[in-house]
Amino acid sequence: MKYRSALAFLFLSAPVLAQAPTFDDVAVGTVPLNAGGTTTLLTDIWKPAGVATPTPVVVWIHGGGWQGGSHNQVPASALALLDSGISIATVGYRLSGQAIFPAQIHDVKGVVRFLRANAATYGLDPDRIACWGSSAGGHLSALLATSGGVADTEGTSGGNPGFSSRVSAAVDYFGPTDLLQINLDVTNPPGSMLDHDAATSPESRLIGFDGPGEGIGVLRANQSNPAAPFPALIALITLANPNAHVSSDDPPVLVAHGTADTVVPLAQSQRLFDAARSAGLGPVYRPVPGAGHGALGPSSDAEARSFLLDVLVGNGDPVGTSFCFGDGSGTPCPCGNASAAGAYEGCLSSLGIGGRLRATGDASVANDTLVLRGTRMPDSPTLYFQGTNRAQNGAGAPFGDGLRCAVGSIVRLGIEQNVAGGSVHPAPGDAPISTRGANAAGQTRTYQAWYRNSASFCTGATFNLTNGAALTWIP
């Protein structure tokens, strides 16, 4: 009964919006069942209204312990991307009672290949496909992102073998990432509603080791046992672990997880974050204080959408020159808290990411449309400021938990409140940057943003800095 209650909660954790898809029950292909026979792999596709050009698409992957749920389940938080010109597609993968792993990731990748192969039919941009999932769907979202090029995870679901199943970005909401260790990651508090080691656990059923005297716990105790069936099962569960496939060419990933989750331990997300950082990536990790296994709240959903939009759409080509990154290309970050190589952002903050500053628009004295856009920061006040020079010719100077990039005569441009991990300056009602900064044509100015952390990283400070941006003003 305890297990059934937890599973039911997985089903009900994401509210479903009653909005009919533009293309309903699209058949991707026929896939086999372990007991014999076949089933049809389906997807639903929602298109944003009034958008004629090919659109990016986010694939929503449902949860349900790999043994429940369907492609008809998509939360309002994901469908809200339609308002930003993003299409949504869903995945109806085989459940563990129909086929054991790797059938699930084969089906997910089959849908991605189908969307790419049929992009013209559905008005999609084949080069801008991302994924987002929760719980079991979060696991598959993370695995889709990390297993690009891993042959055993590809399969033949839906055909289209000539098309890639890779994605541009992934969001993982509280998904398991190391199935063999999941029970060992449980802490008290908050405890666990499930015994993940038991033969009846979702993880045991996923790999088909769910009979009497079986289960993940038995498998872990025999992981060095050369006798059958243990080597094959260890290989199978390793294949299912997103962490096992992390590499430096993986796409950006955002991982969010409630600190009071009693279904999937928080440490599972920490494992993925640590693996991605070790590979030189720049993952975004958001532990959500007090949240359980389910809704993470409007702020987390908004940040997930903002993250996906940042990757899939961006805000046009940045103007000026970004510099002073916390990735080891300049002055080392204080306490060694460097961001990932190539992340092009500031030093790592206490929340596990480095703030990123980009500039868009025109730095024109006569027609100032310049906007400074800060992302990948906590939801705290952010000070945007201007300097006359670059610190150490752009290499930066140590400053608290970050690098000081903009120096010289400093002008405080304004304070903005980050929402969903970012903000822009000037916001509506703010004076143009040219006015506040008293800029003239021909002047080169440097810009940076200062933001507070929720706690210190490695010093007593509670602040951090983004990278810098240099712009030369025109008439």
A.B. asks: Take a 6.0 Å sphere around OH of Tyr344 and say whether it holds more than 12 heavy atoms from other residues, nucleotides or ligands.
C.D. replies: no
A.B. asks: Tell me, do Arg305 and Ser84 make a side-chain contact under 4.5 Å, heavy atoms counted?
C.D. replies: no
A.B. asks: Going by heavy atoms in the side chains, are Val59 and Val91 under 4.5 Å from each other?
C.D. replies: yes
A.B. asks: Walk me through it: do Arg205 and Thr200 pass the test side-chain contact (heavy atoms from CB on, under 4.5 Å)?
C.D. replies: CA-CA 7 Å; Arg205 289 174 171 171; Thr200 55; 4.0 Å; yes
A.B. asks: If you look only at pairs with a residue in residues 153-165, which of them pass as a salt bridge (charged side-chain N to carboxylate O under 4.0 Å, His left out), with sequence neighbours excluded?
C.D. replies: Lys109-Glu154, Arg113-Glu154
A.B. asks: Are the side chain of Thr90 and the backbone N or O of Asp44 linked by a donor-acceptor pair below 3.5 Å?
C.D. replies: yes
A.B. asks: With sequence neighbours excluded, tell me which residues meet side chain to side chain contact (heavy atoms under 4.5 Å, CB included) with Pro381.
C.D. replies: Ile415, Gln417
A.B. asks: If you compare all heavy atoms of Gly290 against all heavy atoms of Ala260, which two are closest, and at what distance to 0.1 Å?
C.D. replies: O-CB, 3.7 Å
A.B. asks: For the residue pair Ile45 and Ile88, establish whether any side-chain heavy-atom pair is separated by less than 4.5 Å.
C.D. replies: no
A.B. asks: Mind checking the NE2-OG spacing from His257 to Ser134? Nearest 0.5 Å is all I need.
C.D. replies: 11.5 Å
A.B. asks: Is the ring centre of Tyr447 less than 6.0 Å from the ring centre of Tyr384?
C.D. replies: no
A.B. asks: How would you list, by chain and number, every residue that makes a side chain to side chain contact (heavy atoms under 4.5 Å, CB included) with Ser300, sequence neighbours excluded?
C.D. replies: Tyr173, Val288, Leu296
A.B. asks: Roughly how far, to the nearest 0.5 Å, is the CD1 atom of Ile237 from the CG atom of Asp178?
C.D. replies: 8.0 Å
A.B. asks: Would you say the side-chain atoms of Ser192 and Thr262 include a donor-acceptor pair closer than 3.5 Å?
C.D. replies: no
A.B. asks: Which distance, rounded to the nearest 0.5 Å, do you find between the OG1 of Thr238 and the CG of Leu180?
C.D. replies: 7.0 Å
A.B. asks: Side chain of Gln73, backbone of Ser70: donor and acceptor closer than 3.5 Å?
C.D. replies: yes
A.B. asks: Nearest 0.5 Å, what's the CZ-CG distance between Phe174 and Asp261?
C.D. replies: 7.0 Å
A.B. asks: Quick one: pull up CG in Leu42 and CG in Asn72 and give me the separation to the nearest 0.5 Å.
C.D. replies: 8.0 Å
A.B. asks: Just how far is it from atom CG of Asn183 to atom OG of Ser201, taken to the nearest 0.5 Å?
C.D. replies: 8.0 Å
A.B. asks: Anything under 30° is parallel, anything over 60° is perpendicular, the rest tilted; go ahead and classify His139 against Trp66.
C.D. replies: perpendicular
A.B. asks: What is the minimum heavy-atom distance between Arg376 and Val284, and which atoms define it?
C.D. replies: CD-CG2, 4.3 Å
A.B. asks: Got a sec, which residues hit side chain to side chain donor-acceptor pair (under 3.5 Å) with Asp25, two or more places apart in sequence or on another chain?
C.D. replies: His71
A.B. asks: According to side chain to side chain donor-acceptor pair (under 3.5 Å), who are the partners of Tyr451, at least two apart in sequence or on a separate chain?
C.D. replies: none
A.B. asks: Decide side-chain contact (heavy atoms from CB on, under 4.5 Å) for Ile433 and Leu372; before the verdict, give the C-alpha distance in whole Å, the side-chain angles of both, and the deciding distance to 0.1 Å.
C.D. replies: CA-CA 9 Å; Ile433 293 175; Leu372 300 176; 3.7 Å; yes
A.B. asks: What verdict does the salt bridge (Lys or Arg N to Asp or Glu O under 4.0 Å) test give for Arg373 and Asp310, after you've listed the backbone C-alpha separation in whole Å, the side-chain angles of each residue and the deciding distance to 0.1 Å?
C.D. replies: CA-CA 11 Å; Arg373 182 169 181 257; Asp310 192 33; 3.1 Å; yes
A.B. asks: Mind listing the closest non-hydrogen atom pair of Ser168 and Val311 along with its distance?
C.D. replies: O-CG1, 3.5 Å
A.B. asks: Looking only at heavy atoms, which two atoms of Pro242 and Ala240 are closest? And how far apart?
C.D. replies: CD-O, 3.2 Å
A.B. asks: Going by the rule ring pair (Phe, Tyr, Trp, His ring centres under 6.0 Å), which residues pair with Phe307 if we only count those two or more places apart in sequence or in a different chain?
C.D. replies: none
A.B. asks: Run the side chain to side chain donor-acceptor pair (under 3.5 Å) test against Asn418 and tell me which residues pass, sequence neighbours left out.
C.D. replies: Thr382, Ser423
A.B. asks: Taking all atoms of both residues into account, what is the closest heavy-atom pair of Cys131 and Ile61, and its distance?
C.D. replies: CB-CD1, 4.3 Å
A.B. asks: Applying the side chain to side chain donor-acceptor pair (under 3.5 Å) criterion to Thr177, which one of Asn241, Asn243, Thr146 satisfies it?
C.D. replies: Asn243
A.B. asks: Take Leu370 and Asp362, measure what side-chain contact (heavy atoms from CB on, under 4.5 Å) needs, and give me the verdict at the end.
C.D. replies: CA-CA 5 Å; Leu370 180 64; Asp362 294 325; over 6 Å; no
A.B. asks: I'd like to know if the side chain of Glu416 and the backbone of Leu383 have a donor-acceptor N/O pair within less than 3.5 Å.
C.D. replies: no
A.B. asks: Evaluate the side-chain contact (heavy atoms from CB on, under 4.5 Å) criterion for residues Thr369 and Asn367: first the C-alpha distance (whole Å), next the side-chain angles of each, then the deciding distance (0.1 Å), finally the verdict.
C.D. replies: CA-CA 6 Å; Thr369 60; Asn367 182 32; 4.0 Å; yes
A.B. asks: Quick one: list whatever passes side chain to side chain contact (heavy atoms under 4.5 Å, CB included) with Ser278, sequence neighbours left out.
C.D. replies: none
A.B. asks: If we ignore hydrogens and angles and just use 3.5 Å, is the side chain of Asn464 paired with the main-chain N or O of Leu348 as donor and acceptor?
C.D. replies: yes
A.B. asks: Quick one: list whatever passes ring pair (Phe, Tyr, Trp, His ring centres under 6.0 Å) with Phe163, sequence neighbours left out.
C.D. replies: none
A.B. asks: Check the side chains of Ser204 and Asp210 for a donor-acceptor pair under 3.5 angstrom, ignoring hydrogens and angles.
C.D. replies: no
A.B. asks: Between Ser77 and Trp132, is there a side-chain heavy-atom distance shorter than 4.5 Å?
C.D. replies: yes
A.B. asks: Is any side-chain heavy atom of Phe114 less than 4.5 Å from a side-chain heavy atom of Arg116?
C.D. replies: no
A.B. asks: Identify the heavy atoms of Ser164 and Arg166 that sit nearest to each other, and give their distance.
C.D. replies: OG-N, 3.0 Å
A.B. asks: Testing the 3.5 Å rule here: is there a donor-acceptor pair between the side chains of Asp125 and Thr55?
C.D. replies: no
A.B. asks: For His245 and Leu239, indicate whether the former's side chain and the latter's backbone hold a donor-acceptor pair under 3.5 Å.
C.D. replies: yes
A.B. asks: List the residues meeting salt bridge (Lys or Arg N to Asp or Glu O under 4.0 Å) with Glu203, not counting sequence neighbours, and say none if there are none.
C.D. replies: none
A.B. asks: Under the rule for side chain to side chain contact (heavy atoms under 4.5 Å, CB included), what residues qualify as partners of His106, not counting sequence neighbours?
C.D. replies: Arg94, Pro102, Ser157
A.B. asks: Between His425 (side chain only) and Gly374 (backbone N and O only), is there a donor and an acceptor less than 3.5 Å apart?
C.D. replies: no
A.B. asks: How far apart are the C-alpha atoms of His293 and Ser135, what are their side-chain angles, what is the distance that settles it, and do they pass the side-chain hydrogen bond (donor to acceptor under 3.5 Å, both in side chains) test?
C.D. replies: CA-CA 8 Å; His293 193 83; Ser135 196; 2.8 Å; yes
A.B. asks: Please enumerate all residues that pass side chain to side chain donor-acceptor pair (under 3.5 Å) together with Asp250, with sequence neighbours excluded.
C.D. replies: Ser247
A.B. asks: For residues Leu308 and Ile86, determine if any side-chain heavy atom of one lies less than 4.5 Å from a side-chain heavy atom of the other.
C.D. replies: no
A.B. asks: Do Glu345 and Asn467 get their side chains close enough for a donor-acceptor pair, meaning under 3.5 Å?
C.D. replies: no
A.B. asks: Does a salt bridge link Arg436 with Asp430, judged by any charged N lying under 4.0 Å from a carboxylate O?
C.D. replies: no
